[in-house]
Structures are given as C-alpha cells and as structure tokens.
Amino acid sequence: MSLTEDIKDFALDLGYSKVGVTTADAFTEYIVDLESRYKMYAWYIEGASKPIAGADPRSIMPSAKSIIAVVYDGSRESFPKTLVGKIGRIYQARCYLTPGHRINGARRQLMREFLETRGCQIAQRLVVPERLAGARAGATTYGKNNFAFAEGIGSFIIITAFVVDTELDYDEPSFEVKCSAKCTACIDACPTGALYEPLKLNPHRCIAFNTFTTRDGQLGGVTSYIPPDIREKMDTWIHGCDICQEVCPRNQRRLKAKLPQNEFLVKVAGDFDLTRLLNLSDEFYTKSVQPLMYNYIKEKKYFQRNAAIALGNTGDPAFIPALAQAMQDSNGLVRGYAAWALGKIGGSRAKEILKASLARETDESSKKEIHAALEAA
Ligand code: SF4
Ligand code: SF4
C-alpha cells in the first residue's frame with residue numbers, strides 16, 4: 001500500500017467522509033482575489049490567521065510539498081428544532097475549530113499524530129484556504145453560495161487541511177461549480193444582499209459575520225456595532241446563518257433525511273432559550289453556550305447583544321420583561337441593543353422602560369441607542 005493510500009484509509013477510519021491530496025503550490029488566484037477586495041477583507045487579511053501567507057504554504061514552510069484535505073460531515077445527525085434558525089448547523093455539530101480535548105479536535109490531533117508516525121513533518125500555524133484546498137484535492141466542489149459541497153453529503157461539512165513536507169500522489173482537482181446554470185436560489189434568499197453574485201460575498205453584510213466577527217478590537221474598521229438595517233435582517237440568528245445553504249437544492253436530500261439524534265445536542269437544546277442568553281448567567285454560559293459556540297466569541301456581552309437583536313426581531317411583547325432586565329445590565333453594549341429591541345417591539349410599556357432607562361444611562365452609545373429606540377417605539 002502506498003503512503004497516500006495508507007493516509008487516506010486512516011482518515012476514513014477516523015470518521016472523515018472524504019480525503020483528497022494536492023500539491024502545496026500557492027493558491028495564486030485566491031491571493032489576487034482577496035487583495036482585489038482588500039477593503040471588504042482588511043479585517044481578515046491583516047488578522048492573526050495571515051491568509052495571504054497561508055495561501056502560499058512554502059512562504060511559511062519552504063519544505064512543504066503536499067496538502068491533505070479531509071472532509072468531516074457535520075450533518076450526519078439531526079438538528080433540534082429549537083436551535084435551527086438560531087445557531088448554524090456546523091456550529092451545532094461542533095466540528096469547526098474544535099478544541100483538542102473534544103471529539104472533533106481529538107480526531108484532528110489523531111490525524112496529525114498518524115502523519116508524524118509516517119514520517120511527515122506537518123506545518124504549524126499555517127491556515128490554507130480550506131475550501132480551495134478541498135477542491136484542488138478533488139474532495140469537494142463549489143456552490144455559487146461560496147460553500148464547498150461534498151458529493152452525497154452537501155455543504156454542511158468542514159474541511160481540514162494538513163500541509164506536509166512529503167511528496168504524495170495527487171488527486172484530480174474538482175474546482176467546478178456544480179450548480180444548475182439556472183439556479184440562483186441562494187442569491188435570491190440572502191436577506192441582506194451579502195451574496196451579491198455567484199461566488200462573491202460581502203462579509204460586512206453577511207448575517208453570520210455580524211453574529212460573531214463584529215467584536216471590538218477587530219481590524220479593518222470592524223467593531224461591535226451592527227448597523228440597524230442588518231439587525232433587522234438577522235431574524236433570530238445568534239451564531240451563524242444557514243439561509244443560503246437551507247434553500248440549496250444540493251442540500252435538500254440531507255436536510256429532508258430522517259437522521260439519528262445527537263443526545264448531547266438534544267440535552268443542550270432542551271435548556272436553550274433566547275431570554276436566558278440575553279440575561280446570561282455564568283452557569284448557563286458554561287453549560288449551554290460554550291459547548292456549542294466556542295469558535296469566535298469569548299465574551300458574554302456579544303451573545304447578549306445577539307440575543308437582544310433576535311428577541312427584538314420577534315416583535316413579541318412577551319419578551320419585554322426580559323429586555324427590561326437587560327436594560328439594567330452592567331454592560332453598555334447589552335443595554336444599547338436591548339433598547340433597540342424594545343424600540344422594535346414598541347408599545348407603551350416598551351416606551352416607559354426606555355424613558356426610565358434614559359434617565360439613568362451614563363454610556364454615550366447606549367444613550368444614542370435609547371434615543372433612536374424611543375423614536376422607533
Ligand atoms: S450566510 Fe446568510 S447572510 Fe450570509 S450570505 Fe448566506 S444567506 Fe446571506
Ligand atoms: S442554491 Fe442553487 S446556485 Fe446556490 S449553491 Fe445551491 S445549487 Fe448552487
């Protein structure tokens with residue numbers, strides 16, 4: 001058995017659904033494309049993952065020869081109804097950027113250890129464009145919605161790429177966009193226009209980006225501020241957004257399939273509630289939030305902000321008491337977005353709460369939000 005076959009067999013045995021191998025050559029078109037959209041992607045280009053360098057693996061690891069792309073199917077089990085429309089499926093599946101002590105992180109670690117036992121040196125801290133790596137390794141194709149699709153699965157997948165210094169046997173690339181020429185369902189369904197043409201996304205308008213990347217301290221002008229026109233379109237999404245994948249014909253077979261439950265997810269979903277996320281206790285954070293949404297947000301206030309937006313978007317006065325409680329939160333960001341939600345729900349009770357809150361508010365951004373909410377209420 002060749003080394004390449006040995007590696008592929010091991011990956012499949014670990015539970016990955018597809019494996020492909022490609023060269024460590026630079027992804028030149030990706031670099032050109034990313035740089036041509038610098039303004040949209042400055043926060044990413046200048047960020048810690050250094051995507052431009054990662055797209056040319058030998059600029060970081062001169063001995064790099066091959067990239068092994070493995071695909072994990074994040075939709076092999078069903079998703080609880082109470083979490084759908086709030087948390088992206090791939091986050092519910094807990095297979096993206098998973099810490100090493102949890103199952104999907106351990107799988108990645110086992111793969112690394114196996115490669116080392118076979119004499120491969122693996123690049124450290126090198127982030128290659130994984131969807132491109134998957135396509136060049138023949139493991140995935142593209143959709144016009146920018147997602148990678150695996151044959152027989154769909155797009156609720158995660159690709160992990162291992163860059164190694166070993167020459168391997170390379171697969172035929174599968175760069176094609178395997179959508180029907182006529183289909184534009186994803187572009188039509190995107191509520192914010194973030195998906196502005198096939199394979200082109202403006203991250204700043206994307207709901208997923210706004211749920212987790214809009215945090216203070218980011219680069220490229222990204223802060224915790226979410227523009228009101230985007231808030232309106234976020235519906236109840238609090239971590240990710242699946243709309244452009246949900247409408248996709250290429251995902252329907254899996255989305256409609258009768259799949260087994262994941263008991264851990266069922267348990268977490270049983271406790272999940274947007275009002276608990278809004279007025280977030282340490283206990284709820286540890287038990288129900290962190291196990292699913294550990295990827296990007298490390299500070300509770302951003303989950304609270306997102307919950308406030310989601311509750312405001314329901315327009316349901318039943319949530320006014322929870323929002324009134326959030327107007328007493330110690331964090332100005334939370335108070336500001338709770339005010340927005342009260343303005344969105346409107347009515348005399350919401351107005352009373354906003355007026356009383358304004359009288360004691362000391363944070364300038366929150367005051368601005370309260371004023372705007374009073375006008376809207
Ligand atoms: S994730 Fe949501 S907001 Fe982003 S492009 Fe897809 S549908 Fe649009
Ligand atoms: S919705 Fe249609 S165009 Fe969009 S990714 Fe799916 S098949 Fe392709």
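Note: hydrogens, waters and symmetry copies are ignored here, and every other heavy atom, side chains too, is used. Only a predicted model underlies this, so the values are computations on that prediction, with no experimental measurement involved.
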With no hydrogens and no angle check, just 3.5 Å: does a side-chain donor-acceptor pair link S75 and D73? yes
Ion pair R89/E246, N-O distance below 4.0 Å: yes
Ignoring hydrogens and geometry beyond distance, is a side-chain donor-acceptor pair present between Y38 and E46 at under 3.5 Å? yes
Could you walk me through whether D56 and K50 pass the salt bridge (Lys or Arg N to Asp or Glu O under 4.0 Å) check? CA-CA 11 Å; D56 183 3; K50 301 196 183 329; over 6 Å; no
Tell me whether the centres of the aromatic rings in W43 and F209 are closer together than 6.0 Å. yes
Contact between I157 and Y72 at the side-chain level, heavy atoms closer than 4.5 Å - yes or no? no
If you measure only the distance, is there a donor-acceptor pair under 3.5 Å linking the side chains of N202 and R205? no
Closer than 4.0 angstrom, basic N to acidic O: yes or no for E352 and K355? no
So, taking the atom named OG1 in T140 and the one named CD1 in I159, what distance separates them when rounded to the nearest 0.5 Å? 4.0 Å
Does F27 have R136 sitting over its ring (NZ/CZ under 6.0 Å from centre, angle to axis within 45°)? yes
Please report the closest heavy-atom contact between A307 and L274, naming both atoms and the distance. CB-O, 3.6 Å
Is there a path of hydrophobic side-chain contacts, each under 4.5 Å between heavy atoms of I/L/V/M/F/W/Y residues, joining V19 to L115? yes
Answer whether the closest heavy-atom distance between the side chains of V163 and K65 falls below 4.5 Å. no
Any donor-acceptor pair under 3.5 Å linking the side-chain atoms of E176 with those of T141? no
Identified side-chain contact (heavy atoms from CB on, under 4.5 Å) partner of W237 from the options N210, I207, I309: I207
Is K233 salt-bridged to D229, cutoff N-O under 4.0 Å? no
Regarding D329 and Q304, do their side chains bring together a donor and an acceptor under 3.5 Å, going by distance alone? yes
Side-chain (S366) to main-chain (G332) donor-acceptor, under 3.5 angstrom: yes
Output yes when E361 and R335 qualify as a salt bridge under the 4.0 Å nitrogen-oxygen rule, no when they do not. yes
Do R131 and Y142 meet the cation-pi criteria used here (NZ or CZ under 6.0 Å from the six-membered ring centre, within 45° of the axis)? no
Could you tell me if N306 and T211 have a donor-acceptor pair between their side chains, going purely by distance under 3.5 Å? no
Are any of the side-chain nitrogens in E369 or R231 under 4.0 Å away from the carboxylate oxygens of its partner? yes
Test salt bridge (Lys or Arg N to Asp or Glu O under 4.0 Å) applied to R94 - qualifying residues, sequence neighbours left out: none
Between T98 and Y294, do the side chains contain a donor N or O and an acceptor N or O under 3.5 Å apart? yes
Testing the 3.5 Å rule here: is there a donor-acceptor pair between the side chains of T214 and R305? yes
Tell me whether K144 is salt-bridged to E197, with the criterion being a basic N under 4.0 Å from an acidic carboxylate O. no
Do I230 and P227 have side chains that get closer than 4.5 Å, going by heavy atoms? yes
Side-chain heavy-atom pair D271, R276 within 4.5 angstrom cut-off: yes
Y170 and S66: side-chain donor and acceptor closer than 3.5 Å? yes
After noting the C-alpha distance and the side-chain angles of E151 and K178, does the key distance pass the salt bridge (Lys or Arg N to Asp or Glu O under 4.0 Å) rule? CA-CA 10 Å; E151 200 62 40; K178 272 201 167 176; 3.4 Å; yes
